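First up is the structure itself, then whatever we jot down about it.
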There are 2 protein chains.
Amino acid sequence: MRATIREVAREAGVSASTVSRALSTPEMVNDATRERVLRAADRLGYAPNRAARGLITGRTGNLGLIVPDLTNPFFPSVVKGVQAKAREADYAVFLADTDEDPAAEIGLVRVLAKQVDGLILCSPRAPEEEIRELTEHTTLVMVNRRFGNLPSVVFDNAEGVRQAIAHLQALGHQRVAWVGGPRTSWSTRDRMRAMRAATSAAGMDLYVAGHFPPYFEGGVAAADLVIASGVTSVIAYNDVMALGLLSRLRDRGVDVPHDISVIGIDNIQMSAMSSPALTTVSLVKEQAGRAAVDLLLALLLQPDSVRNTRRELPAQLLVRGSTGVARTT
Amino acid sequence: MRATIREVAREAGVSASTVSRALSTPEMVNDATRERVLRAADRLGYAPNRAARGLITGRTGNLGLIVPDLTNPFFPSVVKGVQAKAREADYAVFLADTDEDPAAEIGLVRVLAKQVDGLILCSPRAPEEEIRELTEHTTLVMVNRRFGNLPSVVFDNAEGVRQAIAHLQALGHQRVAWVGGPRTSWSTRDRMRAMRAATSAAGMDLYVAGHFPPYFEGGVAAADLVIASGVTSVIAYNDVMALGLLSRLRDRGVDVPHDISVIGIDNIQMSAMSSPALTTVSLVKEQAGRAAVDLLLALLLQPDSVRNTRRELPAQLLVRGSTGVARTT
DNA sequence: GGGGTCGATGCAATCCTTTGCAGGAGTTGT
DNA sequence: ACAACTCCTGCAAAGGATTGCATCGACCCC
């Protein structure tokens, strides 16, 4: 049904090799010939068979993207960025969702690895050991996790948290709580470190509420601990959890921001829509996706060029209604 | 690097054909031989090269999924369902996002069609004409759109809207507004029809606010029209828009549900988290994704078996805080 | 004018798997 | 004991594109 390279060759009066070259290495073929080939290809609606090409080149023209949970609005944005950039480079993207399960993550990488040229792991939860092993057979780029000298795209959590803490301090807060995400998440650890550093530099008290699932319910669950701790402000691992906090605080009759100021991280769409609107550390999510694809493609072209490259993307505090002057009790 | 079928053959002391058969048509090969082959394959970590297989069978083992906007929480849920079901059947899923652009949609189908065995179009916006043309070269399943006798998965919008209207009527509402989604969306038209039918059957007045972008901002934009229309209740095309309505109504000092009751459709996670929580028509989104894959795989196996199959999934009203007794002015 | 160079093109092998066909071994029936 | 089967396995072709190598003509320069 679909035209093959041979038919184009016949139509253009050349050999298949010439057609192939006219399309993939145009400078190797005479101008007039190339023109003729291109017209013939166009006339027949020819597009190379990717399976056949992949068979001989060993490349598939596909990328894989693995995320822990698509229903967390952070990830669809990254996916969009990956998609857009990949499409520009004529790559297609396999998407897989692990449901926050580190074991599923490893399994998916193994399965997907055979069908792609490279993989982007977004917020991977798998243990270091497993990931190290994967890197031996697979071209990987990590988003939201640093790991050895693997190429990675991360956000400047330290700066984001610093801005958030500075903001709280300016509002007179002295005690701040930290509501962490999954224990296995690198971002959780990184942000927690940043919290420790920033609060200690600012001379503020830090209350660590612990680790919670990165869902609305996780924030809900953390809220009571936060209230009991007596802090006047709280920073959550991500916006979804911060919204959970907001919800439970309201239910408990705690006024935000009057009694407690709340700050999230990610700047998901919904954070602008809550009431009060959520003050948050804004991350350029789509850009992270695009940067990851950039890195991956560079890595595929010349494996050594970007080894050990770490892109760090900016984080910027966005002040909205959920933070205010500290209560004075 | 990766083992080929020949190596397995040598290892097992048989020919490549036998290995192939042992793996894909086990009943054609002697028990003992098969056992030997399987062990050899296992020892070498053999997995068939999909490109080579695809080259000869003409099948890729891939599915494509096209959605209009991943950042609308409705779609990630569908994607999850598609993923899960596809993975069970050992298919991988290409995902593409059209940014609500019907032209991009057609383009993506064309591109993706070559790399997959079949495509799932989720809430497709493209004009009928174009879609009809696509069906000639491509195996398609539609979600959220009926089209000729193409296999499709849709929700029982009529029932969902009927329940919503009955609920409003029971609360004493006489006038209800409808805030529509994109003009090109089949769901918008279907739900609008359902609104006409249900309100007329119930003897209620219907105010059609028009078509709006299916985003939070669309709901915001519609809110003032709704207020001005004097209705006591409003149903929005989806939850995201309903949340936009909620937000703008609050800004305008209109109390929900006291002054106006608001109902959404989809039951996205966020709808439970707004304040007041959103009354909504709940849709089984993941199930829609799974059903679409079911249909598509059946279609690939025996093209005639499910031609003209339409799966209709239930819609169920979920009452929360955003609806209440009609004001009496 | 002949040897050398260069640019453009074709030939043929190759990637890995699947599958139609044929053949060999063993079994059954007569 | 032979024909007719059955069951299992191997041979070889096929699928479509890429690419190293060879070829061929043209052109240049001495």
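Below, read A as the first sequence line, B as the second, and so on, with proteins coming before strands; counting in each chain starts at 1. This one's a predicted model, so the numbers in the text were calculated from it and none came from an experiment.
In the helix from C/dG1-D/dC30 to C/dT30-D/dA1, the end axes, each obtained as the rotation axis mapping the C1' atoms of four pairs onto the next four within a five-pair block, lie 50° apart to the nearest 10 degrees.
With sequence neighbours excluded, the residues that form a side chain to side chain contact (heavy atoms under 4.5 Å, CB included) with A/A51 are A/N49. A/S24 is linked by a side chain to side chain contact (heavy atoms under 4.5 Å, CB included) to A/S20, counting only residues two or more places apart in sequence or in another chain. Under the salt bridge (Lys or Arg N to Asp or Glu O under 4.0 Å) criterion, A/D117 pairs with no residue, sequence neighbours left out. For B/F94, the ring pair (Phe, Tyr, Trp, His ring centres under 6.0 Å) partners two or more places apart in sequence, or in a different chain, are A/F94. Every side chain to side chain contact (heavy atoms under 4.5 Å, CB included) that A/S185 has, sequence neighbours left out, goes to A/R125, A/P182, A/S187, A/T188, A/Y237. Residues that satisfy the side chain to side chain contact (heavy atoms under 4.5 Å, CB included) test with B/A47, not counting sequence neighbours, are A/K114, B/R2.
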Please tabulate, for the side chains in residues 288-296 of chain A, all donor-acceptor contacts under 3.5 angstrom to protein atoms that are two or more places apart in sequence or on a different chain.
residue: A/R290; atom: NH2; partner: A/E88; partner atom: OE2; Å: 2.7

Start with the C-alpha gap between B/R39 and B/D42, add the side-chain angles, then the distance that decides, and say whether salt bridge (charged side-chain N to carboxylate O under 4.0 Å, His left out) holds.
CA-CA 5 Å; B/R39 260 205 301 276; B/D42 200 49; over 6 Å; no

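Scanning DNA chain C 5' to 3' for nucleotides with an atom closer than 4.0 angstrom to a non-hydrogen atom of chain A gives a first and last hit of C/dA8 to C/dC16.
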How does protein contact run along nucleotides 13-20 of chain D, one letter per nucleotide 5' to 3', with B for base contact, S for sugar-phosphate only, - for none, heavy atoms under 4.0 Å?
-BBBBBBB

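Taking 4.0 Å as the cut-off between side-chain N and carboxylate O, A/D190 and A/R145 do not count as a salt-bridged pair.
Counting to the nearest Å, the P atom of D/dT9 and the CD atom of B/E27 are 13 Å from each other.
Taking a 4.0 Å limit (strictly below) on heavy-atom distances, residues 29-45 of chain B reaches DNA chain D at B/V29, B/N30, B/T33.
Residues B/P48 and B/I5 have side chains not in contact (no heavy-atom distance under 4.5 Å, counting atoms from C-beta outward).
Residue pairs that meet the ring pair (Phe, Tyr, Trp, His ring centres under 6.0 Å) test with at least one member in residues 36-77 of chain A, sequence neighbours left out, do not exist here.
Looking at A/Q115, its side chain never comes within 3.5 Å of a backbone N or O of A/L112 through a donor-acceptor pair.
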